[in-house]
Amino acid sequence: MHPLLSKQLDLLNEPQKESVLHGKDPLLILAGAGSGKTRVITTRIAYLIGAEQIHPASILAVTFTNKAAAEMKERVEKMAPGSSRVMIKTFHSFGAWLLRLNAELMGLKPSFVIYDDKDAVELLRTIYPDQPRNELKVYASLISKAKDECLSPSDNLKEVSNDPRFPEYYAKYEEKLRRVGNADFGDLISLPVRLLKEHDEVRKRIRQRFRAILVDEYQDTNRAQDMLLEQLVGPENRLCVVGDDDQSIYRFRGARVENILSFEKRFPDTKVIRLEENYRSTGHILAAASAVVNNNQGRLGKTLWTQKGDGEKPRVLYFSDQREETAYVTDLLKDKRYEETAILYRTNAQSKSFEDCFRKNNIPYRLVGNLSFYEREEVKDCLAYLSLLLNNADEVAMRRIINKPTRGVGAGAISKIDPFLDDTDDVLEAIKLSLPHQRGKAKKSLEEFTAAYARPLWDDEKDSLAYYIRQFLDRFSLMEHYRGRDRAEGTTREDNIHELINSASEYRGTTEELVRFMEEQGLNPPSHDETEHVQGVTLITMHNTKGLEFERVIITGMEEGLFPRGGGDIYENEEDTEEERRLFYVAVTRAMKELYMTSCRFRPRYGRLEESWPSRFLNELPAEHISESAPYDDFGGSSSSKEQDPWNESQDVSYPEAGKLDIPQGGGKVLGGYSVGTRVYHDDYGNGVVFNVIQNGGHLVINVQFESGKTAVLMPEFCSHKLEKLAHDEWQ
DNA sequence: AGCCTCTTTATTTTT
DNA sequence: TAAAGAGGCT
């Protein structure tokens, strides 16, 4: 046996060893939470290299995040020298790699830069200058949604949006982007799909190149990514996907659990391996997690087990408000086990009360997530300067920087450039053509601007790219500009730019290297989390915890409407609830030894103090595996007693068939003015009909079937501002 | 170009 | 509530 392989296999227990070794392709590995997914993938890679004699460079491993890719690379590199030649990339950077090789074929500039969502909005603004930004934002996100499904403007876009104007917006956007020659994030997946579909030679070559393909976190793939896989994998290729359908929590951004659920059907002769041993959590925690996720219908099903003992029972705590919640957590932290503890919440806003309290009590904490380095204006500005250098057609970049620093080029001057943009795609050329019409300061500035771009940048290519970028930006006095703003605003913009430039010091001073640098900035910006290395309690959203583990986990805000989230006053369809339940499962399985769950009766929401019920998920926890404090007494008794559960009654309601608006016969009891058959209008959901009315825990609860097919459970007293009763024949 | 005020709108997040 | 966007005014 190859030494690499035996070394990796030693890390696995017997059943895993068996599975990984004898797994035939295609291989679907259903790996439960805490089962060591990444380790299994690296072992599989070692197996392919060692036992199957597949050349490392013929192996492609795909992940979702840069972090996951880096982690896997590190592990693979540890295995042996040759295995560092395995290509490990995110879906997007693999797509970019493929497109670089075939840029012209797909209508891209070889030096294309990657537009993010905000650039997409700005591109739309160049087409529709009079539309408010917010409206264009909606179209931009619809376009990106369409691309996630691999849909072109010519396809039927009804599934993405019913807006009759959307196809036109998308078509014009696409046309302009192709003319500019740049790519957006969606293109990085959907264009390679087209490339491989339409060009037999390319597809053949790529399939020969990558003999074996492995995908991590397969449950997070969207339609386009799955289509890319289908193109990459021919009869001769080996495919192995690893995922956990129970941890699919990114449906909202296009991930389709269906991909993993239907994998066996789509790839015949799939061998399925379940990795069900959990190496992370103690017994009660694992039992609680399993019991909750068992309530989901659409899942393949696994039975997690652990060799560890039962451990402590997870604790459920009820408080009256946030103040009590933070006080309790602060009290827990008296033991100073800061690094071992993570506080999890559903929405970022919930971190605030903890931050305030921790600052007051001198408890060190680190806030994970949010604020990306590249959302910083000044960095985007610098990249726009460079982008225009690479691509004279980049109108988005030009508009961003033409008057930054302010050089007297206002709306008037720009409107004089616009007509020339109809004649030429080269925006610098258009500016030059407009010069005879410009006057005063604007004219002088624009002359200087175009002259600065005309001067050659590279001389003898002796210096690093950082040197040349600095030289180039100096032509526009950018540093002085930001230094001035820093002094006025107390910001650190200049430092941020230096940081950006410094990261270019490992590149040589050539155009090709600049392209490489820009791609790196677009796809893999250095993380700029200032709190990353800070020691302290971890404050983190549940979504962000994927792949992490903590000795002690506190899941806060276990309240209906917050978690599972409803739109403030509305509880969404079953699919949404199942996704929230999976999120809860992810959160629970982060805990190694101790788990706390807290629920508040009152919590401020949109400025008002709102009352809510304990999360339904708390009721799904098996009583024998948890210990529970008394819930807020107004709800009467303990919340584990099912009769008192405010949700129990409404759960028995039989919902009408989805998509069908059955209008129930009126009549029956009338409560608070509502009865079965009452017609309503809701600001967000449109027309609907009440099909059930109950009085529950002192609140009126109605079930509504909307025309859209959506069903909802509403509490009229909490959403009177959005909900309206309609007369019998009055549909709006 | 920048300041001021009025209005709108409230997840989750990667690339 | 509060933060961001839009639009008007100087």
Side-chain angles (χ1 to χ4, degrees), chain A residues 62-69 89-96 114-121 130-138 141 144 147-148 183-190 217 220-222 224-225 248-255 344-353 368-372 374-375 403-414 441-442 485 488 519-525 527 540-547 557 561-570 572 576 579-580 582-584 586-587 603-610 683-684 721-722:
Chain A
V62 194
T63 64
F64 272 81
T65 62
N66 291 308
K67 206 177 134 207
K89 282 186 180 296
T90 61
F91 269 102
H92 289 263
S93 73
F94 175 73
I114 297 151
Y115 279 176
D116 65 17
D117 302 359
K118 281 186 184 150
D119 295 320
V121 175
D130 300 326
Q131 298 281 19
R133 231 189 213 91
N134 264 346
E135 203 166 305
L136 296 179
K137 236 189 213 166
V138 173
S141 83
S144 108
K147 292 194 178 191
D148 282 348
D184 60 22
F185 275 110
D187 289 337
L188 297 183
I189 310 295
S190 63
E217 305 280 15
D220 285 336
T221 45
N222 61 30
Q225 286 156 338
S248 169
I249 54 174
Y250 287 114
R251 207 166 68 96
F252 69 89
R253 64 176 201 219
L344 276 51
Y345 38 78
R346 177 65 234 266
T347 65
N348 282 306
Q350 286 166 255
S351 71
K352 204 173 169 293
S353 63
V368 177
N370 263 336
L371 268 164
S372 148
Y374 287 90
E375 272 164 27
N403 198 29
K404 201 181 245 185
T406 50
R407 38 172 85 92
V409 182
I414 293 174
K441 196 170 177 215
R485 286 188 62 176
E519 180 172 319
E520 186 72 9
Q521 298 314 314
L523 286 175
N524 196 3
S527 105
I540 191 169
T541 61
M542 298 186 213
H543 283 89
N544 263 323
T545 58
K546 216 163 163 186
L562 185 61
F563 187 47
R565 194 185 178 277
D569 45 52
I570 193 163
E572 304 267 343
D576 289 337
E579 171 130 332
E580 297 275 309
R582 289 191 291 267
L583 182 59
F584 183 50
V586 168
R603 193 177 289 274
R605 219 132 126 45
Y606 309 144
R608 295 193 320 177
L609 199 63
E610 289 195 356
D683 282 352
D684 299 335
H721 53 296
K722 284 187 171 176

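Every heavy atom of this structure was used, including side-chain atoms; hydrogens, water molecules and symmetry mates were not. Naming convention: chains lettered A, B, ... in sequence-line order (proteins, then strands); numbering from 1 in each chain.
- Using the six-membered ring where Trp is involved, A:His543 and A:Tyr250 have ring planes that are tilted, between 30° and 60° apart.
- A:Asn222 has no side-chain polar atom (N or O) that falls below the 4.0 Å cut-off from OP1 or OP2 of B:dT15.
- Distance CE (A:Met542) to P (B:dT11): 15 Å, rounded to an integer number of Å.
- Per the geometry, CZ belonging to A:Arg603 stands 16 Å off C1' belonging to C:dT1, to the nearest Å.
- Closest approach to the A:Asn134 side chain among B:dT13, C:dA6, B:dA10 is made by C:dA6 (side chain taken as heavy atoms from C-beta onward).
- When the side-chain nitrogen and oxygen atoms of A:Asn348 are compared with OP1 and OP2 of B:dT13, one or more of them lie within a distance under 4.0 Å.
- The side chain of A:Thr90 contributes no N or O atom lying less than 4.0 Å from OP1 or OP2 of B:dT14.
- Here the separation of B:dT12 from C:dG5, taken at their P atoms, is 16 Å to the nearest Å.
- At a threshold of 4.0 angstrom between heavy atoms, the contacts of A:Arg133 are confined to the sugar-phosphate backbone, with no base atom among them.
- With rounding to whole Å, A:Ile114 atom CD1 is found 17 Å from B:dT14 atom P.
- Contact annotation for A:Asn403: backbone-only contact, meaning every heavy-atom pair under 4.0 Å involves sugar-phosphate atoms and none involves a base.
- Between B:dT12, B:dT15, B:dA1, one nucleotide has an atom nearer to the side chain of A:Thr406 than all others, and that is B:dA1.
- Across B:dT13 and C:dA2, the matching C1' atoms stand 22 Å from one another, rounded to whole Å.
- With respect to A:Asp220 and A:Arg251, no salt bridge is recorded, no charged nitrogen being found less than 4.0 Å from a carboxylate O.
- Rounded to whole angstrom, the span from the CZ atom of A:Arg582 across to the P atom of B:dT11 amounts to 21 Å.
- Distance, A:Phe584 CZ to B:dT12 P: 19 Å, rounded to whole Å.
- Per the geometry, CG belonging to A:Asp117 stands 9 Å off C1' belonging to B:dT15, to the nearest Å.
- Judged by a 6.0 Å distance limit and a 45° cone about the ring axis, A:Arg608 is not positioned over the six-membered ring of A:Tyr606.
- Side-chain atoms of A:Thr65 lie closest to B:dT15 of the nucleotides C:dG5, B:dT15, B:dT12.
- There is no side-chain donor-acceptor pair under 3.5 Å between A:Ser144 and A:Ser141.
- Side-chain proximity of A:Arg253 to C:dA6, B:dA1, B:dT13: nearest is B:dT13.
- Between A:Asn66 and B:dT15 there is a side-chain N or O to OP1 or OP2 distance below 4.0 Å.
- Mapping A:Leu523 and A:Gly408 onto DNA chain B via the closest heavy atom, the residue that lands nearer the 5' end is A:Gly408.
- Between the CG atom of A:Asp119 and the C1' atom of B:dT15 there is a distance of 13 Å, given to the nearest Å.
- Among the nucleotides B:dG2, B:dT12, B:dT15, the one closest to any side-chain atom of A:His92 is B:dT15.
- In terms of heavy-atom proximity, A:Gly557 sits nearest to A:Leu562 at O-CD2, 3.7 Å.
- What separates CD of A:Glu580 from C1' of B:dT11 is a distance of 8 Å, to the nearest Å.
- Each of A:Val409 and A:Leu188 lies near DNA chain B, and the nucleotide nearest A:Val409 is the one positioned closer to the 5' end.
- Using a 4.0 Å cut-off, no side-chain N or O of A:Asn524 falls inside it from OP1 or OP2 of B:dT15.
- If you check every strand for non-hydrogen atoms under 4.0 Å, A:Phe64 touches sugar and phosphate atoms only.
- Nearest heavy-atom pair, A:Lys147 versus A:Ser190, reported as atom, atom and distance to 0.1 Å: O-CB, 4.1 Å.
- The side chain of A:Phe252 has B:dT12 as its nearest neighbour among B:dA10, B:dT11, B:dT12.
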